Amino acid sequence: MSQLTMPEGFLWGSASAAYQIEGAHDLDGKGVSNWDEFVKIPGKTFKETTGEVAVDHYHRFKEDIALMAEMGLKTYRFSIAWTRIFPKGVGEVNQAGVDFYGKIIDECLKYGIEPMVTLYHWDLPQALEEAYGGWENPQVIDAYVAYATYLFHAYKGKVNYWITMNEQNIFTYFGWMGAMHPPGKFNEEKTYYQVNHHAFLAHAKTVLAFKEIMPEGKIGASFAYSPSYAIDSRPENGMAKLDHDNLKSFWWMDVYAYGRYPKTAMRYLEKQGVAPTVTEEESQTLLAAAKLVDFMGVNYYQTATVEYNPLDGVTPFGEINTTGKKGTGQVTGVPGVYKNPSNPYLETTDWDWVIDPSGLRYACKEITSRYDLPIVISENGLGAFDQKTADNKIHDDYRIAYLSAHLKELRQAADEGCEIWAYCTWSFTDLLSWLNGYQKRYGFIYVDRDEEGGTLDRYKKDSYYWYKEVIETNGASL
């Protein structure tokens, strides 16, 4: 046993997202989301998988939350499907959807589990996409704020922790640059930055509204943060790292925490002719919200390595590994600025994601130094090919090793002065891994289903029992 533990009251958690677990895609008044439609396009997902059934959390949430309670979970981070509350995105409320999430919240509270609600985890009402292009149109800002404020009033007094956006950097990049997420557009760079600006304003106006309704509540955004290292000490590579961080990380984090865009990144985008249009009034809104944000949410999976990329170098558009065949991902970058080669000192997962536990501590220390904000680790986990034995055991020692190494670094970050409120693994149960189908498993709970289907029965993996002990000892058992 270590003498080091996490602070008193630390929220040991796990996470999920509505589209990836719920299923019941057209039940009880739910509207159609952009993901409901996007997955119908041939070739977009592994073996054409969809979230129509997912892992049927919609009908099994009591079973799943009971398993969380048995584990000793202190917080459960889940997202609300906008389409269950407002089937058309705006207008008439679907009471069945409001009641469904009310039951999840009450079930958590029954067991002393703190509900942590993500307002937006990528599933936009398709009606808003069709009406005016969704995030491309500033009309979406008021629609989002109306949706969010409805939920604040509905669950006031029950939910204290709220996350406005999940990985805004990811859904916008894959949606408007990589064509891998809805709306499936390719290299529309100016629109990409304007879409992000609209999302920032939706976040900011929501934060302002939240503090009027729930001044004691806690709110922030969750950012997919990959801290970076220069590949060596050559000055051009150090400069490339600086430019990379401003364009790939601080472009988002500075807006959440400071309410402004990084100046050198903005100048670069202006020279490229792709900078967003920002009014003075909008700048003031971003600034006002940044002063009220309570924490920086971080989804941490990997670090990046940065090297200068010549003008005739690699582009942002390389092959991304969605099959789990190690070594199929390609090096990408921005010509004339940076590229992201592999790190020769680190191992990777089957999906070519770098395994770097110390990067989690690096992320926490960077945020602490740069923003002086409390931190919520809203996701961290290992996607892997898990095998269930004949006697229904799942020996995922590789997941235990991965999480344990990351948690030791997190514990050290706390000991070194970082204020860390919560740690949520991704994920509690196995789930639909967006583009990767069901074969990429993340959970403590094995769900009997693959791309073709299954019984949906739940089985505890070895990691379930391991995390239970970690929680019981507040991290001393690591």
Side-chain angles (χ1 to χ4, degrees), residues 167-170 172-174 176-178 180 186-190 192-193 196 223-258 260-276 296 298-321 327-348 351-371:
E167 296 186 348
Q168 183 185 322
N169 54 326
I170 301 296
T172 54
Y173 186 84
F174 282 152
W176 282 268
M177 292 294 287
M180 297 180 75
F186 182 72
N187 199 20
E188 296 199 8
E189 196 169 9
K190 184 157 180 60
Y192 161 68
Y193 282 106
N196 268 289
F223 179 71
Y225 184 29
S226 292
S228 75
Y229 313 122
I231 197 164
D232 60 27
S233 55
R234 288 185 185 130
E236 64 265 34
N237 292 330
M239 196 69 74
K241 174 199 153 46
L242 194 66
D243 291 337
H244 168 276
D245 291 351
N246 279 320
L247 287 165
K248 294 292 283 184
S249 295
F250 303 144
W251 186 262
W252 288 266
M253 297 163 85
D254 281 9
V255 176
Y256 296 143
Y258 295 144
R260 57 169 166 75
Y261 292 105
K263 285 183 179 178
T264 59
M266 180 62 88
R267 178 61 59 85
Y268 170 77
L269 296 179
E270 286 168 352
K271 287 178 178 177
Q272 301 297 312
V274 297
M296 183 69 76
V298 176
N299 291 2
Y300 175 78
Y301 291 95
Q302 58 183 329
T303 48
T305 299
V306 185
E307 184 177 9
Y308 175 70
N309 188 24
L311 280 167
D312 61 352
V314 298
T315 73
F317 312 113
E319 186 73 26
I320 291 178
N321 179 351
T328 56
Q330 293 177 330
V331 173
T332 57
V334 175
V337 189
Y338 68 83
K339 61 181 173 182
N340 298 120
S342 59
N343 189 324
Y345 303 103
L346 297 172
E347 296 295 315
T348 62
W351 280 263
D352 295 323
W353 291 25
V354 174
I355 300 172
D356 184 7
S358 65
L360 179 56
R361 178 156 56 108
Y362 188 116
C364 291
K365 292 175 80 168
E366 180 97 273
I367 289 165
T368 300
S369 297
R370 190 177 179 96
Y371 305 117

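Keep in mind that what you see is a predicted model, and the values were worked out from it rather than measured. Computed from heavy atoms alone, side chains included, the values below leave out hydrogens, waters and symmetry copies.
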So do the side chains of [X] and [Y] get within less than 4.5 Å of each other, counting heavy atoms only?
X      : Y      : answer
Met239 : Tyr338 : no
Val334 : Tyr268 : yes
Thr264 : Leu242 : no
Leu247 : Leu269 : yes

Shortest non-hydrogen contact from [X] to [Y]?
X      : Y      : value
Tyr173 : Pro316 : OH-CB, 3.2 Å
Gly359 : Pro227 : O-CG, 3.7 Å
Thr348 : Val354 : CG2-CA, 4.2 Å
Met177 : Glu189 : SD-CA, 3.5 Å
Gln302 : Asp352 : OE1-O, 4.3 Å

To the nearest 0.5 Å, what is the distance between [atom1] ([X]) and [atom2] ([Y])?
X      : Y      : atom1 : atom2 : answer
Lys190 : Gln272 : NZ    : CD    : 12.0 Å
Tyr362 : Ser226 : OH    : OG    : 12.0 Å
Lys339 : His244 : NZ    : NE2   : 13.5 Å
Met296 : Ile367 : CE    : CD1   : 5.5 Å
Asn309 : Glu236 : CG    : CD    : 12.5 Å
Tyr193 : Met266 : OH    : CE    : 10.0 Å

Ring centers of Trp252, Tyr225 separated by less than 6.0 Å: no
Side-chain donor-acceptor pair present, [X], [Y], cut-off under 3.5 Å:
X      : Y      : answer
Tyr371 : Asp254 : yes
Tyr229 : Asp356 : yes
Tyr256 : Gln168 : yes

Atom CE of Met180 with >12 non-hydrogen neighbours under 6.0 angstrom: yes
Phe317 vs Thr332, side-chain contact (heavy atoms from CB on, under 4.5 Å): CA-CA, chis, key distance, verdict: CA-CA 6 Å; Phe317 312 113; Thr332 57; over 6 Å; no
Between [X] (side chain) and [Y] (backbone), is there a donor-acceptor pair under 3.5 Å?
X      : Y      : result
Asn340 : Val306 : no
Asn169 : Ala224 : yes
Thr305 : Ile231 : no
Asn237 : Ser233 : no
Lys241 : Ser228 : yes

From CA spacing to verdict: side-chain contact (heavy atoms from CB on, under 4.5 Å), Phe250, Glu366: CA-CA 11 Å; Phe250 303 144; Glu366 180 97 273; 4.1 Å; yes
